[in-house]
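Okay, structure first, notes after.
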Amino acid sequence: EQADMEARAREAAEKLAKETELKRAGMRREKSLKVDCDSLAGEMVEMNRRIEEGEAKAAGLEKEVTRLKSELSTATSSLRKSAELSRLQSSQSALSDERYKEKLVE
């Protein structure tokens, strides 16, 4: 009976040792997961910061594109007016030359 009690005591001690090791392994895993979570949280904060920076840059670029489109429209309009003025001046010059020739003929 004493041998039986010793065997049960050994089994209980082994079981306790296994449970203790499992708890320690669980605690190590929990600490590792906590470190992983903290690391991921830090990466998320950094990603959010980068996203905000990107959105701010995009907004600035949109404003710049709008400004450049406006400048292009103004420049195009000015070029059209300049071309029209040049055409009118050429026509006026040709008309003046024709009148001058008519006066010479008279």
Side-chain angles (χ1 to χ4, degrees):
E1 190 169 304
Q2 186 170 347
D4 187 38
M5 286 178 74
E6 287 176 1
R8 281 192 277 172
R10 269 195 309 276
E11 286 176 11
E14 288 173 3
K15 185 177 177 183
L16 181 61
K18 284 182 183 177
E19 287 176 2
T20 302
E21 181 52 36
L22 286 174
K23 284 182 182 178
R24 286 182 183 154
M27 288 170 56
R28 284 192 301 269
R29 181 69 180 140
E30 187 178 325
K31 285 180 184 176
S32 174
L33 289 174
K34 173 99 171 82
V35 168
D36 289 347
C37 285
D38 290 347
S39 176
L40 288 173
E43 288 179 27
M44 266 182 58
V45 168
E46 178 62 19
M47 286 179 159
N48 285 335
R49 185 188 63 77
R50 287 182 181 176
I51 288 169
E52 288 172 359
E53 284 179 357
E55 289 172 344
K57 285 180 183 177
L61 290 173
E62 286 177 17
K63 286 180 183 177
E64 182 67 9
V65 165
T66 301
R67 185 186 65 77
L68 290 172
K69 281 181 179 179
S70 175
E71 283 184 20
L72 179 60
S73 177
T74 301
T76 302
S77 177
S78 293
L79 280 173
R80 283 190 185 124
K81 288 176 183 175
S82 178
E84 180 66 17
L85 181 60
S86 179
R87 187 187 66 76
L88 289 173
Q89 286 173 339
S90 293
S91 294
Q92 185 181 15
S93 178
L95 200 57
S96 293
D97 287 348
E98 195 172 310
R99 285 186 184 150
Y100 178 72
K101 287 178 186 175
E102 284 177 2
K103 282 188 179 182
L104 285 178
V105 171
E106 287 177 7

Inset, instruction - Would you indicate whether Q92, at its atom CD, is surrounded by more than 12 heavy atoms from other residues, nucleotides or ligands within a distance under 6.0 Å? - result: no

Got a list of side-chain donor-acceptor pairs under 3.5 Å for residues 63-77, not counting sequence neighbours?
| from | atom 1 | to | atom 2 | distance (Å) |
| --- | --- | --- | --- | --- |
| E64 | OE1 | R67 | NE | 3.2 |
| E64 | OE1 | R67 | NH2 | 3.4 |
| E64 | OE2 | R67 | NH2 | 2.5 |
| T66 | OG1 | E62 | O | 2.9 |
| R67 | NH1 | E71 | OE2 | 2.1 |
| T74 | OG1 | S70 | O | 3.0 |
| T76 | OG1 | L72 | O | 2.8 |

Inset, instruction - For E30, enumerate each residue passing the side-chain hydrogen bond (donor to acceptor under 3.5 Å, both in side chains) test, keeping only those at least two apart in sequence or located in another chain. - result: none

Legend entry - Backbone N/O of S78 and side chain of S82: donor-acceptor pair under 3.5 Å: no

Legend entry - Ionic contact status for R8 with D4, cut-off 4.0 Å: yes

Inset, instruction - Quick one: which residue pairs count as a salt bridge (charged side-chain N to carboxylate O under 4.0 Å, His left out) with a foot in residues 73-93, not counting sequence neighbours? - result: E84-R87

Inset, instruction - With sequence neighbours left out, write down each residue that passes side-chain hydrogen bond (donor to acceptor under 3.5 Å, both in side chains) with Q89, or none if nothing qualifies. - result: none

Output side-chain donor-acceptor pairs under 3.5 Å for residues 37-57, partner residues at least two apart or in another chain, one line each.
| from | atom 1 | to | atom 2 | distance (Å) |
| --- | --- | --- | --- | --- |
| D38 | OD1 | K34 | NZ | 3.3 |
| D38 | OD2 | K34 | NZ | 3.3 |
| E46 | OE1 | R49 | NE | 3.2 |
| E46 | OE1 | R49 | NH2 | 3.4 |
| E46 | OE2 | R49 | NH2 | 2.4 |
| E46 | OE2 | R50 | NE | 3.2 |
| N48 | ND2 | M44 | O | 3.4 |
| R49 | NH1 | E53 | OE1 | 3.4 |
| R49 | NH1 | E53 | OE2 | 2.3 |

Inset, instruction - For the residue pair E11 and K15, establish whether any side-chain heavy-atom pair is separated by less than 4.5 Å. - result: no

Legend entry - With E14 via side-chain hydrogen bond (donor to acceptor under 3.5 Å, both in side chains) - residues at least two apart: none

